[in-house]
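Down below is the structure, laid out as C-alpha cells.
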Amino acid sequence: MAIRSGHYRHSGAIYSADHEFIVLTISILFVVTLLYTVLITLYLRNKVNKSLDNCLAITDSSLFQIGTGFLGDIKKLGIVGGMFLRPQKFLELGAIDVEQVNTFPKKFKYMILVQVALVTLTTLITLVFFVWVHLLDF
C-alpha cells in the first residue's frame with residue numbers, strides 16, 4: 001500500500017514537518033546574515049572611515065547615536081547603506097559629502113547593499129512566517 005503525502009495533509013494547517021523546515025530555513029538565513037555582517041564589518045570598518053572622512057554621518061557618532069566599538073561599526077555600515085539608498089535625506093540633514101559618496105568604491109558599495117538586502121530578506125521571511133503561523137491556527 002502506497003502512502004500519499006497529500007492524504008495526511010489537512011488544508012490550511014501547517015504540520016510539524018513544514019514547521020521544522022521553515023524554522024531551519026530561517027535559522028540558516030539568520031546565521032548567514034550574521035556571518036556576512038561580521039565579515040564585512042571587519043573588512044570595511046577602516047575603509048569606510050577613510051573613504052567617508054568628510055561625512056558628518058560617519059565622523060560624528062552622536063548624530064545618529066552610533067556608539068563605539070564593533071557594534072558601532074555595524075551601525076555605521078547600516079548608515080552608509082542608508083546613505084546609498086536615500087542620499088537626499090542625508091543631504092537635507094547636511095550629513096554627507098556628495099563628492100565622497102560618489103567616489104566611494106563600487107565594490108564596497110555593493111558589499112554593503114548586499115548586506116542590507118540580506119537583512120531585509122531575512123526579516124521579511126521571518127515576519128511572513130509569524131503571520132502565517134498565527135493566522136492559520138498553528
Side-chain angles (χ1 to χ4, degrees):
M1 180 175 165
I3 298 175
R4 296 182 190 152
S5 63
H7 178 71
Y8 292 103
R9 288 185 178 253
H10 184 270
S11 63
I14 304 172
Y15 288 98
S16 65
D18 295 333
H19 175 264
E20 291 169 2
F21 176 74
I22 293 171
V23 169
L24 179 67
T25 303
I26 290 172
S27 299
I28 290 171
L29 274 172
F30 272 113
V31 168
V32 168
T33 303
L34 179 67
L35 286 175
Y36 187 74
T37 301
V38 167
L39 290 175
I40 69 162
T41 301
L42 290 173
Y43 182 69
L44 293 178
R45 67 196 305 181
N46 294 326
K47 293 173 176 68
V48 167
N49 290 337
K50 290 177 186 174
S51 298
L52 299 172
D53 59 349
N54 286 339
C55 294
L56 192 61
I58 302 302
T59 58
D60 186 13
S61 61
S62 64
L63 183 63
F64 291 107
Q65 302 297 321
I66 295 174
T68 59
F70 189 70
L71 289 177
D73 290 337
I74 291 174
K75 290 178 187 178
K76 195 179 294 183
L77 283 182
I79 290 172
V80 171
M83 287 171 33
F84 296 135
L85 292 173
R86 300 290 303 249
Q88 286 300 106
K89 292 294 180 185
F90 286 88
L91 271 175
E92 291 173 6
L93 293 172
I96 61 172
D97 181 12
V98 178
E99 184 178 316
Q100 280 192 337
V101 172
N102 290 337
T103 60
F104 193 75
K106 287 189 179 204
K107 175 185 171 185
F108 300 154
K109 185 184 295 188
Y110 291 132
M111 289 171 70
I112 293 170
L113 292 178
V114 164
Q115 192 268 341
V116 170
L118 194 59
V119 168
T120 304
L121 177 71
T122 304
T123 304
L124 180 67
I125 289 172
T126 304
L127 289 175
V128 166
F129 174 68
F130 283 136
V131 168
W132 186 28
V133 165
H134 290 293
L135 289 179
L136 298 177
D137 296 325
F138 182 62

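Both backbone and side-chain heavy atoms feed into the values below; hydrogens, waters and symmetry mates do not.
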Query raised in the report: Counting N and O atoms only, with roles assigned by atom type, does the side chain of Ser51 sit under 3.5 Å from a partner on the main chain of Val48, one being a donor and the other an acceptor?
Result: no
Query raised in the report: Apart from Leu35 itself, what residues make up its hydrophobic cluster, given side-chain heavy atom links below 4.5 Å?
Result: Val31
If you look only at pairs with a residue in [range], which of them pass as a salt bridge (charged side-chain N to carboxylate O under 4.0 Å, His left out), with sequence neighbours excluded?
range: residues 103-113; value: none
range: residues 33-54; value: Arg45-Asp73
range: residues 22-33; value: none

Hydrophobic clustering (ILVMFWY, side-chain heavy atoms < 4.5 Å, transitive) - are [Y] and [X] grouped together?
X: Leu85; Y: Val80; result: yes
X: Phe129; Y: Phe30; result: yes
X: Val38; Y: Leu71; result: yes
X: Phe130; Y: Trp132; result: yes
X: Leu44; Y: Tyr36; result: yes

Which donor-acceptor pairs under 3.5 Å do side chains of residues 111-122 form with protein atoms, sequence neighbours excluded?
{"residue": "Gln115", "atom": "NE2", "partner": "Thr37", "partner atom": "OG1", "Å": "2.8"}
{"residue": "Thr120", "atom": "OG1", "partner": "Val116", "partner atom": "O", "Å": "2.8"}
{"residue": "Thr122", "atom": "OG1", "partner": "Thr33", "partner atom": "OG1", "Å": "3.0"}
{"residue": "Thr122", "atom": "OG1", "partner": "Leu118", "partner atom": "O", "Å": "2.9"}

Query - Nearest heavy-atom neighbours spanning Met83 and Cys55 - result: CE-SG, 4.2 Å
Query - Distance-minimising heavy-atom pair for Leu29 and Ile125 - result: CD1-CD1, 3.6 Å
Query raised in the report: Is any side-chain heavy atom of Thr59 closer than 4.5 Å to a side-chain heavy atom of Leu56?
Result: yes
Query raised in the report: How are the rings of Phe84 and Phe104 set relative to one another: parallel (under 30°), tilted (30 to 60°) or perpendicular (over 60°)?
Result: tilted
Listed pairs under 3.5 Å, donor-acceptor, residues 87-99 side chains, sequence neighbours left out:
none

Report task. Hey, could you give me the CG/CZ distance between Leu42 and Phe70, rounded to the nearest 0.5 Å? Result -> 4.5 Å
